[in-house]
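Let me begin by presenting the structure, written as structure tokens, before commenting on it.
What's counted below: heavy atoms across the whole structure, side chains too, no hydrogens, waters or symmetry copies. Bear in mind the structure is a predicted one, so any value in this text is a computation, not a measurement.
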Amino acid sequence: VFRARNAVSHFCVGSAKFSPPVRLRKGLYVCGDWVDRTGHASWSTEKAVVTGRQAAKAFGVDFALSCQDTDIIPAAEDTKQLRSLRQIASLVR
């Protein structure tokens, strides 16, 4: 097992509202774990894959391409334990 220090993204509280959408305008698309952070509840590599598929779909729609098979499986709901931890964290803040 290899550990890479600082190999994950760290975001400030409240910074999600500043992340760009996948489609900036027709012909200009972005993807990565820093994109559309208020959308699909995934992080890191998974988020990069999800936004890449969303960008591909937007491109296909914008340019009327016939193959737009980019369905994305929704992220799992939070477990009861995680919901409780989130509530505690919001109270502490």
Side-chain angles (χ1 to χ4, degrees):
V1 174
F2 177 74
R3 285 187 101 170
R5 295 188 186 276
N6 299 321
V8 296
S9 301
H10 298 279
F11 302 106
C12 296
V13 174
S15 66
K17 63 186 171 195
F18 299 112
S19 66
V22 170
R23 182 186 185 273
L24 300 178
R25 65 173 193 259
K26 184 176 180 177
L28 183 59
Y29 314 90
V30 293
C31 55
D33 69 338
W34 53 277
V35 174
D36 186 29
R37 292 195 0 255
T38 57
H40 194 273
S42 56
W43 294 97
S44 198
T45 304
E46 293 84 3
K47 184 64 172 189
V49 170
V50 167
T51 56
R53 292 180 66 86
Q54 290 170 333
K57 183 173 186 170
F59 182 89
V61 168
D62 285 353
F63 293 97
L65 301 176
S66 60
C67 55
Q68 299 169 21
D69 181 18
T70 57
D71 292 335
I72 297 165
I73 298 170
E77 294 291 321
D78 287 348
T79 62
K80 185 171 32 171
Q81 295 86 349
L82 184 55
R83 277 194 304 273
S84 298
L85 289 171
R86 287 185 194 274
Q87 289 174 344
I88 291 169
S90 68
L91 292 173
V92 171
R93 285 187 229 144

In Å, rounded to the nearest 0.5 Å, how long is the span from CZ of Phe59 to CZ of Arg23? 11.5 Å
So, applying side-chain contact (heavy atoms from CB on, under 4.5 Å) with Tyr29, which one of Thr51, Leu24, Asp62 is it? Asp62
In short, Cys31 meets Gly52 closest at the heavy-atom pair CB-N, 3.5 Å
Take Trp34 and Lys47 through the test side chain to side chain contact (heavy atoms under 4.5 Å, CB included) and record every step on the way to the result. CA-CA 8 Å; Trp34 53 277; Lys47 184 64 172 189; over 6 Å; no
Value for NZ (Lys17) from OG (Ser15), rounded to nearest 0.5 Å, stands at 9.0 Å
Of all heavy-atom pairs between Pro20 and Val30, which one has the smallest distance, and what is that distance? CG-CG2, 4.3 Å
Let me confirm one number: the CD-CG distance from Gln54 to Asp36, rounded to the nearest 0.5 Å. 5.5 Å
Applying the side-chain contact (heavy atoms from CB on, under 4.5 Å) test to Val50, which of Ile73, Ile72, Asp33 qualifies? Ile72
